[in-house]
Structure formats: C-alpha cells, structure tokens
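In what follows, a structure is listed as structure tokens, so that the remarks can point back to it.
Each chain gets a letter, A, B and so on, in the order the sequences are listed, and its residues count up from 1. Side chains included, hydrogens not; waters and symmetry mates left out as well; all remaining heavy atoms used. Everything numeric in this text was worked out from a predicted model, so none of it was measured.
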2 protein chains.
Amino acid sequence: MPENRDIKKKNTTKEKILTAATALFSHYGYKGASVRKIAAEVGIRESALYNHYKNKEEIFLEVAKNIFSSPFSFSEDEVKELAFRGKPFLQKYTMQYKMLTFDRKNENMFRLLMIELMQNKSLREQFMSQYHDKNIALLSEGFFIMMQNSLIRSCDPMLIAYEFISTLFYIRLQVTLLRFDAYSTNSLATQFEKHVDFFWESIKI
Amino acid sequence: MPENRDIKKKNTTKEKILTAATALFSHYGYKGASVRKIAAEVGIRESALYNHYKNKEEIFLEVAKNIFSSPFSFSEDEVKELAFRGKPFLQKYTMQYKMLTFDRKNENMFRLLMIELMQNKSLREQFMSQYHDKNIALLSEGFFIMMQNSLIRSCDPMLIAYEFISTLFYIRLQVTLLRFDAYSTNSLATQFEKHVDFFWESIKI
DNA sequence: GTCTATACGTTGATAGAC
DNA sequence: GTCTATCAACGTATAGAC
C-alpha cells in the first residue's frame, strides 16, 4: 500500500523530477534536455538529482514508460458487440484515438516518440509491437467480425486494419505538428470523422 | 559555367564535407553529429572545416536542402492523361513513391526529416507545404479528373487524396524504421501494391 | 536530501603559424 | 587551405560537508 497517498498528495522530489523531465524530454528530446535543465526546473542542483535516479538514462526510461501506456479501453466483449454493428465500432475507436491526439499528456508522449523514434532502437521495436501490431490486432478482429456478418466487403482484415490505422496516424502527426507551433488545427478538426465516413463507404456492402 | 566538371570530377573538400555531413546528420541528427566527427570523416581538422562553411548550422541547411528536392516527375499533361485512365495513375504514382522509399539517398533524407521534424520549426513548415500540400494538390487533381470521367465515386478530391497519401506515408515510415535496424522488409514489400488495389476498389464505380 | 566543489569529457569556434 | 594550440561553455557524474 502506498501509504495515505489518496488523502495527501505527496509531490515528492522524485515526482517533481519526473514531471520536469517529461516536459523537457518531450520538448527537446533526450540529448536536448540536459540534467542541468531538469534540475533547474525542479529547483535543485544536479547532484541532488542523483539521489533519486542513478543517471540520466534511468530518468528517461521512467518517462518513456508512459509512451505506450495508453491502451484503448476496449474489452473483448465490447469489440465483438460493437463490431457486430459495423460503423459504430470505427466511430468509437476513432473517437478514442482523437481524444488521445488532443490530450496534453498523450500529445507529449507522442512527440517524444517521434523525436526519439529514429534514435532509439528500443523505441522503434516498441512502436512496432506495442503501437502498430496492437492496433492492427484489435482493428482486424473488428473487421473480421464485420465480414462474417456481411457488413463489409470481403478482404484481408489485416489489410483493412492497416489502411484504417495509417490514416489515423497521419492525422495525429499533423495535428501534433500544428499544435507544437501553436497553429490552429481547425482545418484538421473534422478529419477524423471524415476519415471514418469515407472509410465506411469504402468497405460497406 | 562550373568549369570542366563533366570531364573531371572535382570532389572538392567542400563536397566531401557535405557528403560526410549528410551521412552523419541523417544517422545521428543535428545534435548527434558533431563538427569533430564530420571533420574526422572527411579527414581534416575541425578548424579547416570553417574555411568552407561559416558554422555547423550552415552545413546543416545545405544538407537539409535535399530533403524536399525529390519531386515526382509528373508533368501537367502526364497527370491528365494518366488520371483519365484511372487506376494506372495511382499505380504509377505509388511506384514512384515506393522507389523514393527504397532509394538510399532519399531514405537518408526521410530519416533526417523524421529526426528533426519535432526539433526544427522550418522543417515542420516545409513538410506541410512542400511535402503534404504538394502531394495533396497533385493527387486531388488526378482524382478530380477521374470523377469528371465517372471512373470513381463522387467525393471531395482533397479528402480522397488525403486518405491515399496518408497510407503511403505510413508504409514509408515503417519501411524506413525496419531498414534502419537492417530488419527484413519482406512483410511490407507488397504493401504499396496492396494499398493501390484496396484503394481502387474503394473508390471505383 | 541538498548543498558546494570538483572532476573530466565533449562541444562549437577562433587565432595564428605554415 | 590546413595545421596546432587554445578557448569558454556545456555535458554527465562523483565526493564529502552540512
């Protein structure tokens, strides 16, 4: 039991470090966020920081844990039930994806992922297995059910899933880029919904 | 006139620097590629490097010029002619995109783009205008022609273009990631073609 | 747990001899 | 144009006093 955390918010130095590190890493990347800056952000000296983490790498790994920790809240039964109805499944899935895209915390983690993707082999592999494969698996299961129920045209469910998720990813990337520079995302605001509509027209029978 | 460059390949120090810098930047990013490493790669001292470029930034900008300098070789007439035939237009466009994806030089530039996209505002804006907008413009023109000729179902050409290019981008990203770690791209080898086939089935009348 | 002090490698860049 | 020498700033990290 983590003590009486529910009553009194601890906000320990260690937590402060993680918060500061998250902000700096997701903004400047691993190399760009120096230990000095992190310590300064917390309000302590670099040396004090080493009382809580072994080194910079350890801090980063702690931060990076959150990159792939936002699974969709879809239960097995929920997938089956929704997929049976067709389009509503895609709509709910996309709405959840859109929420993640515009959620500050997840936005930061997505940016960190994009910054470090080409620099960190572990992150690349996690992206493939925990982001890509996971999404493909969930979606293709849904499409398979739709196919069984003759809601959509016959086709490889994995291919349909690939086609569907790739556009979601691209929209998310664009939104993240625009928001990073505080540009308006008005032109992309309804892109998620348009995608679902277009896609459903493409596969429905 | 650049002298007798056609006969005797100059391969000046300045060119060597650019080559070395390109390799290092596209592998380690701007911060990861130090001036020392670039100089060492060329075989000179850092100080000698400053006889050819004002500073590191100037070298990077010279390298970065090549990121968006690979336009598709589509003339206005070619678009009209091919789009009139429908699917062959998508096939040719995709084959060119696939070539770029697997071309070493373009692969390096794409990786550099991905590495620096979140770190460099200028690159973000160029990505939007010179990559995204340009592709959307070319593709939507093709889809518009197809629509006029009743080859495909009626829909916003820009939306169709968006849907089409987003998947190409995602495939390219995945291929680049896999190749970076020298992993096999067999599982993705035919993804481009599958995309065209699926997409054509989605929009044709 | 935090501080000061310190160590030591790396970075981008310049001055001046050849 | 290239070299040696040198620089200040910044990087991560440790030792030891309080």
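- To the nearest angstrom, C1' of D:dG1 lies 12 Å from CG of B:L49.
- Here B:F144 pairs with nothing under the ring pair (Phe, Tyr, Trp, His ring centres under 6.0 Å) rule; sequence neighbours left out.
- For the pair B:N11 CG and D:dG1 C1', the interatomic distance rounds to 16 Å; values are reported in whole Å.
- Residues meeting the side-chain hydrogen bond (donor to acceptor under 3.5 Å, both in side chains) test with A:E193, sequence neighbours left out: A:K98.
- If you take OH of B:Y28 and C1' of C:dT11, they are 17 Å apart, rounded to a whole angstrom.
- The stretch residues 105-129 of chain A participates, sequence neighbours left out, in these salt bridge (charged side-chain N to carboxylate O under 4.0 Å, His left out) pairs: A:R104-A:E107, A:E107-A:R179, A:R124-B:D181.
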Look for any protein N or O under 3.5 Å of an N or O in nucleotides 6-11 of chain D and output each such pair with its distance, or none.
unit_1: D:dG11; atom_1: N7; unit_2: A:R36; atom_2: NH1; d: 2.9

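- To the nearest angstrom, C1' of D:dG1 lies 6 Å from NE2 of B:H52.
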Enumerate donor-acceptor pairs with a distance under 3.5 Å from any side-chain N or O in residues 16-24 of chain A to protein atoms, sequence neighbours excluded.
unit_1: A:T19; atom_1: OG1; unit_2: A:E15; atom_2: O; d: 3.0
unit_1: A:T22; atom_1: OG1; unit_2: A:L18; atom_2: O; d: 2.6

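- In this structure, CZ of A:R45 is placed 8 Å from C1' of C:dC3, rounded to the nearest angstrom.
- With sequence neighbours excluded, the residues forming a ring pair (Phe, Tyr, Trp, His ring centres under 6.0 Å) with A:F25 are A:Y30, A:F60, listed by chain and number.
- Separating the NZ atom of B:K54 from the C1' atom of C:dT14 is a distance of 15 Å, rounded to the nearest angstrom.
- Just one of A:F102, A:Y131, A:F169 meets the ring-ring contact (aromatic ring centres under 6.0 Å, His included) condition when paired with A:F110; it is A:F169.
- Spacing between atom CD of A:E58 and atom P of D:dA13 amounts to 10 Å, rounded to whole angstrom units.
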